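Heads up, the thing below is written out as structure tokens.
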Amino acid sequence: MQEDKNEAQMLAEAARLRARDLAVLWHPCTQMAEHPDALPLVPIRRGRGAWLEGVDGHRYLDAVSSWWTNLFGHGEPRIAAAIARQAQELEHVIFAGFTHEPAVLLAESLLRVAPPGLARVFYADNGSAAVEIALKMSFHAHLNRGDSKRRRFVALENGYHGETLGALSMGDIPLYRRTYAPLLLTPLFAPSPDAYDAAPGETAEQCALRRADQLLALFEDNEGEICALILEPLVQCAGGMRMHHPAYVRRAREICSAHGAHLIADEIAVGFGRSGTMFACEQAGITPDFLCLSKGLTGGFMPMSAVLTTSDVYEAFLDESRDRAFLHSHSYTGNPLGCAAALASLSIFQSEPVLEKNRITAGRMAALAEPLRAHPHVADVRQTGMILAIEVVAHRATRRHYDPREKRGLRGYRHALDNGVLLRPLGEVLYWMPPYCIDEAALQQLARITTGAIERMTD
Ligand SMILES: *Cc1c(COP(=O)(O)O)cnc(C)c1O
């Protein structure tokens, strides 16, 4: 048993695993040259609740829900059991020409909880694929309606939609986009409604509405050429957890409808209660033409995604001709294990007052972060539901950031890790996006270590 090993044995085992990994693996979103010296690779043997347990015997509080995937904690027994049960029955089956109950049940369940007016579910296996599907479906739906002039997309500055070429094209984060720019589609970028950029004296709502006017101008300048607007409702997560007022999403819906374009809501990160409501679109009172879901869809257990759309879009594809059909597919479309995990996760929302409990937890997060507002290197503390972000700057009055080459964020990351907390700053934005089950003691530890991380980043 792991527990019987002494500390020296566990440390040795972790070191061995680290060395074997670095001999054969290539990690995502990582400059591998930073391993092993600048960045310690952390071998994990299991996860329980909000905690990860290292092979070296140390515990880490997963304050980022393992890249925003986890909802109810690691090892959530109901989801684990559902996957195990499903694996005994049917692990996978081709989803063209065949179907199975978990896929049907999940589609029914998703449509029940999604904003009203969505009527069809198309499955894939990751968030980027869901974005590709929404983009292709939007273009193709217009084409099938006899409109071949709509070929451009509108995306928001500072947005992020994934890493495959189409999804990356819609993103505006230079770090990810720059290198591949010669290969990418060129959407029309509209200014972000980010409330952090509000003019002096302007409210978040006024800022959002001003930006919506600029969006409208973009549509008017490109009349009849736009397939869809894609946006992350309420929180631009990868773009530094920047937040905007729901009024923008409401106006964006109106503008798209008025100009015959689709609205694609990318709720891959903010869906399933993360924003404070089941879906962020609810806070704007709108229904998008496409709702992209992944990450929390399976409670953080299985790679899976779904694109929900309207009957109107679906019916544009019905015809005798195969050319008019949506021929997109992924081998693992509708994977039963993913469906079983997602169903188990959704049933937790039904059997427990998840959103109400989250409101209490979010209130505690706000209270614990409050003292940081006075910190001389904190320019902003912002929150949307179970996402709280702290903008660390070199100079508070001008909000000037540190030179990225100083890698200040990395200092914060290392400090937190050395103190048993997984924080993964986006640049110099520290954020809390914990599993919903995080308890008071863990939240207090998180606040304490975050304060230390800010000291380390700014000294
Ligand atoms: C993570 C993310 C994606 C991409 O999902 P992957 O599963 O990583 O491909 C797309 N959009 C948003 C808003 C995301 O946060």
Side-chain angles (χ1 to χ4, degrees), residues 27-30 64-71 122-138 153-173 175-177 180 184-185 187 189 192-194 228-244 248-249 252 263-275 279-281 284 288 290-308 328 330 332-333 335 338 341-342 345 384-387 389 424-427 429 431-433:
H27 288 266
C29 202
T30 299
V64 300
S65 293
S66 283
W67 255 345
W68 323 337
T69 58
N70 194 283
L71 297 187
F122 193 99
Y123 293 125
D125 42 25
N126 65 74
S128 302
V131 169
E132 302 284 345
I133 287 162
L135 297 173
K136 284 175 70 181
M137 266 186 188
S138 171
F153 295 96
V154 178
L156 299 191
E157 288 174 359
N158 195 46
Y160 177 83
H161 300 286
E163 298 293 340
T164 54
L165 292 177
L168 187 62
S169 298
M170 300 301 132
D172 178 46
I173 298 177
L175 182 64
Y176 306 133
R177 187 190 169 96
Y180 304 100
L184 302 181
L185 299 172
F189 282 108
S192 169
D194 183 358
L229 163 67
I230 180 165
L231 52 74
E232 298 160 88
L234 303 192
V235 188
Q236 294 188 307
C237 293
M241 300 295 167
R242 293 298 183 87
M243 300 173 185
H244 56 262
Y248 184 85
V249 180
L263 175 63
I264 303 171
D266 177 352
E267 294 217 24
I268 289 165
V270 297
F272 301 101
R274 190 55 77 175
S275 72
F279 298 106
C281 282
F290 298 92
L291 179 64
C292 297
L293 303 172
S294 187
K295 293 201 168 112
L297 170 60
T298 60
F301 273 70
M302 299 286 296
M304 178 158 194
S305 62
V307 179
L308 277 55
H328 187 109
H330 294 288
Y332 279 99
T333 300
N335 176 253
S345 179
T384 298
M386 290 291 288
I387 307 172
R424 206 184 144 89
L426 295 157
V429 176
Y431 66 91
W432 302 344
M433 198 156 163

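Each residue takes its place number in the sequence, starting with 1. This structure is a prediction, so every number in the text was calculated from the model and none was measured. Start at 1 and go down the list; that is how both ligands and their atoms are numbered. Computed over heavy atoms, backbone and side chain alike; hydrogens, waters and symmetry mates excluded.
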(request) Indicate yes or no for a side-chain donor-acceptor contact from E267 to the backbone of L291 under 3.5 Å, with no hydrogens or angles considered. (result) no
(request) Select all protein residues for which some heavy-atom-to-ligand 1 distance is less than 4.0 Å, and list them by chain and number. (result) W68, N126, G127, S128, Y160, H161, G162, E232, D266, I268, A269, K295
(request) Examine distances only and state if a side-chain atom of R242 and a backbone atom of V235 form a donor-acceptor pair shorter than 3.5 Å. (result) no
(message) R274: which residues meet the side-chain hydrogen bond (donor to acceptor under 3.5 Å, both in side chains) condition with it, sequence neighbours left out?
(response) S65
(request) Output all residues satisfying side-chain hydrogen bond (donor to acceptor under 3.5 Å, both in side chains) with N70, sequence neighbours left out; order by chain, then residue number. (result) none
(request) Tell me, with the steps shown, if H161 and D266 meet side-chain hydrogen bond (donor to acceptor under 3.5 Å, both in side chains). (result) CA-CA 7 Å; H161 300 286; D266 177 352; 2.8 Å; yes
(message) Can you list everything that forms a side-chain hydrogen bond (donor to acceptor under 3.5 Å, both in side chains) with S345? Sequence neighbours excluded, please.
(response) none
